[in-house]
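Because the structure is a prediction, the values reported are computed rather than measured. The figures that follow rest on heavy atoms only: side chains count, while hydrogens, waters and symmetry mates do not.
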Amino acid sequence: FVQVAPAICRIPCRSRRGSMQADTLSAWLAAFSAMHDRAKQGALDAAERAEYLGACEELAEALMLAQHATPRPGQELRKSMRVAQALPVELTTGQGHFAAITLDISEGGFSTILPDAPEVGSRVQFRLKLGRGRDPVGGIGRVANAVPQNGSVRVGLRFEEVSQREREQLGYLIVDAVLRQFGRAA
């Protein structure tokens, strides 16, 4: 995310989906950061929540534009923000139980390095530790891809069975990581 600011500055800072308005990127980020903190505390009413979710979509769109995220022919553009985030994860596959660290994470899944590749398409049980003061997130995912890397395998896992509350917690964690990249304490 080091190179995202110039592309974000090219998008309007006035929200298309809500009433959150700002004249500069810095002001928009400050307002969004305050709203994000209130969202994590469960302090938004229904209208504010809708505005927050719209602002999250705008932020995700801007980041994907900044990263020049364009789909290959026949593929769809990623639908959720993905951030580099090292989180402890425990996985249970057909080959056994593994402790690993995530490389990146989104509300749709994560990637990690494993010593052996589970079969693409296989189901994997996982438990992500989100850090101090946050409950772990557990569930079932499906192996989306497995790419050999230096004697190990980079595995992409797509979430299949994760509660809505846990997906929300992942969303907050991801936005926290993005805000830290912009120098906003999360």
Side-chain angles (χ1 to χ4, degrees), residues 1 4 36-44 49-50 52-57 59-61 63-64 67 69-181 185-186:
F1 293 116
V4 297
H36 175 66
D37 288 341
R38 291 186 60 231
K40 290 191 302 186
Q41 296 167 5
L44 300 179
R49 176 118 179 107
Y52 170 72
L53 293 174
C56 285
E57 285 181 31
L59 181 60
E61 287 173 13
L63 290 172
M64 287 183 218
Q67 295 169 350
T70 55
R72 291 183 215 133
Q75 285 187 325
E76 286 186 32
L77 185 61
R78 184 178 301 284
K79 290 183 172 38
S80 57
M81 286 188 282
R82 180 171 296 272
V83 296
Q85 188 79 28
L87 299 171
V89 60
E90 297 168 358
L91 301 123
T92 303
T93 72
Q95 289 123 328
H97 184 76
F98 299 94
I101 301 291
T102 61
L103 300 171
D104 54 47
I105 189 163
S106 74
E107 286 185 67
F110 63 88
S111 68
T112 189
I113 300 288
L114 294 177
D116 296 306
E119 186 176 327
V120 172
S122 64
R123 290 170 54 97
V124 174
Q125 187 173 2
F126 68 89
R127 179 179 156 97
L128 283 163
K129 297 177 184 175
L130 303 184
R132 275 187 242 138
R134 295 185 186 210
D135 292 334
V137 169
I140 304 291
R142 190 167 301 276
V143 177
N145 57 58
V147 179
Q149 285 190 338
N150 301 325
S152 297
V153 182
R154 181 182 178 129
V155 176
L157 192 79
R158 183 178 58 246
F159 296 141
E160 285 196 343
E161 295 177 24
V162 178
S163 74
Q164 183 60 37
R165 182 182 106 18
E166 289 178 320
R167 282 186 192 263
E168 191 171 274
Q169 293 305 310
L170 286 170
Y172 293 146
L173 177 111
I174 292 161
V175 172
D176 284 346
V178 169
L179 289 173
R180 277 192 304 275
Q181 291 292 323

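Listed by chain and residue number, Glu48 satisfy the salt bridge (Lys or Arg N to Asp or Glu O under 4.0 Å) test with Arg38 (two or more places apart in sequence, or in another chain). Legend: residues meeting salt bridge (Lys or Arg N to Asp or Glu O under 4.0 Å) with Arg49, ordered by chain and number and at least two apart, are Glu168. For Gln125, there are no side-chain hydrogen bond (donor to acceptor under 3.5 Å, both in side chains) partners two or more places apart in sequence or in a different chain. For the side-chain hydrogen bond (donor to acceptor under 3.5 Å, both in side chains) test, no residue two or more places apart in sequence or in another chain qualifies with Asn150. Considering only residues two or more places apart in sequence or on other chains, Ser163 meets the side-chain hydrogen bond (donor to acceptor under 3.5 Å, both in side chains) condition with Glu166. Qualifying ring-ring contact (aromatic ring centres under 6.0 Å, His included) partners for Tyr172, counting only residues two or more places apart in sequence or in other chains: His36. Glu119 meets the side chain to side chain contact (heavy atoms under 4.5 Å, CB included) test with Ser122; sequence neighbours excluded. The side chain to side chain contact (heavy atoms under 4.5 Å, CB included) test applied to Ala117 returns Ala146, Val153, not counting sequence neighbours. Listed by chain and number, the residues in a side-chain hydrogen bond (donor to acceptor under 3.5 Å, both in side chains) with Arg165 are Asp135 (sequence neighbours excluded).
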(request) Begin with the C-alpha distance, continue with both residues' side-chain angles, and end with the deciding distance and a verdict on side chain to side chain contact (heavy atoms under 4.5 Å, CB included) for Val175 and Cys56. (result) CA-CA 8 Å; Val175 172; Cys56 285; 4.3 Å; yes

(request) Output, in order, the C-alpha distance, side-chain angles, deciding distance and verdict of side chain to side chain contact (heavy atoms under 4.5 Å, CB included) for Ile101 and Leu87. (result) CA-CA 5 Å; Ile101 301 291; Leu87 299 171; over 6 Å; no

(request) Might you work through the side chain to side chain contact (heavy atoms under 4.5 Å, CB included) test for Val124 and Val155, ending with a clear yes or no? (result) CA-CA 11 Å; Val124 174; Val155 176; over 6 Å; no

(request) Evaluate the salt bridge (charged side-chain N to carboxylate O under 4.0 Å, His left out) criterion for residues Arg142 and Glu160: first the C-alpha distance (whole Å), next the side-chain angles of each, then the deciding distance (0.1 Å), finally the verdict. (result) CA-CA 7 Å; Arg142 190 167 301 276; Glu160 285 196 343; 2.6 Å; yes

(message) Show, in sequence, the C-alpha distance, side-chain angles and deciding distance for Ile105 and Leu128, and conclude whether the side chain to side chain contact (heavy atoms under 4.5 Å, CB included) test is met.
(response) CA-CA 10 Å; Ile105 189 163; Leu128 283 163; 3.7 Å; yes

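Under a 3.5 Å cut-off, the side chain of Ser152 and the backbone N or O of Pro115 do not form any donor-acceptor pair. Side chain of Thr102 to main chain of Thr112: no donor-acceptor pair is present (N/O by atom type, distance under 3.5 Å, no hydrogens or angles).
Summarising the geometry, atom OG belonging to Ser111 is positioned 14.0 Å from atom CZ belonging to Arg158; distances are rounded to the nearest 0.5 Å. Atom CD1 of Ile113 and atom CD of Gln149 lie 4.5 Å apart (nearest 0.5 Å). Put simply, NZ on Lys40 and CD on Gln169 are 9.5 Å apart, with the number rounded to the nearest 0.5 Å. Rounded to the nearest 0.5 angstrom, Tyr52 OH and Leu59 CG are separated by 9.0 Å.
Residue Ala39 comes nearest to Leu44 through the heavy atom pair CB-CD1, 3.4 Å, listed as atom of the first residue, atom of the second, then distance. Considering every non-hydrogen atom in both Leu173 and Leu130, the closest pair reads CD1-O, 3.7 Å.
Within the 4.5 Å cutoff, the side chain of Leu91 has no heavy atoms near those of the His97 side chain.
For residues 86-105, the set of pairs meeting the salt bridge (charged side-chain N to carboxylate O under 4.0 Å, His left out) definition, not counting sequence neighbours, comprises Arg82-Asp104, Glu90-Lys129, Asp104-Arg154. Sequence neighbours left out, the pairs with a member in residues 119-138 that pass ring pair (Phe, Tyr, Trp, His ring centres under 6.0 Å) are Phe110-Phe126, Phe126-Phe159.
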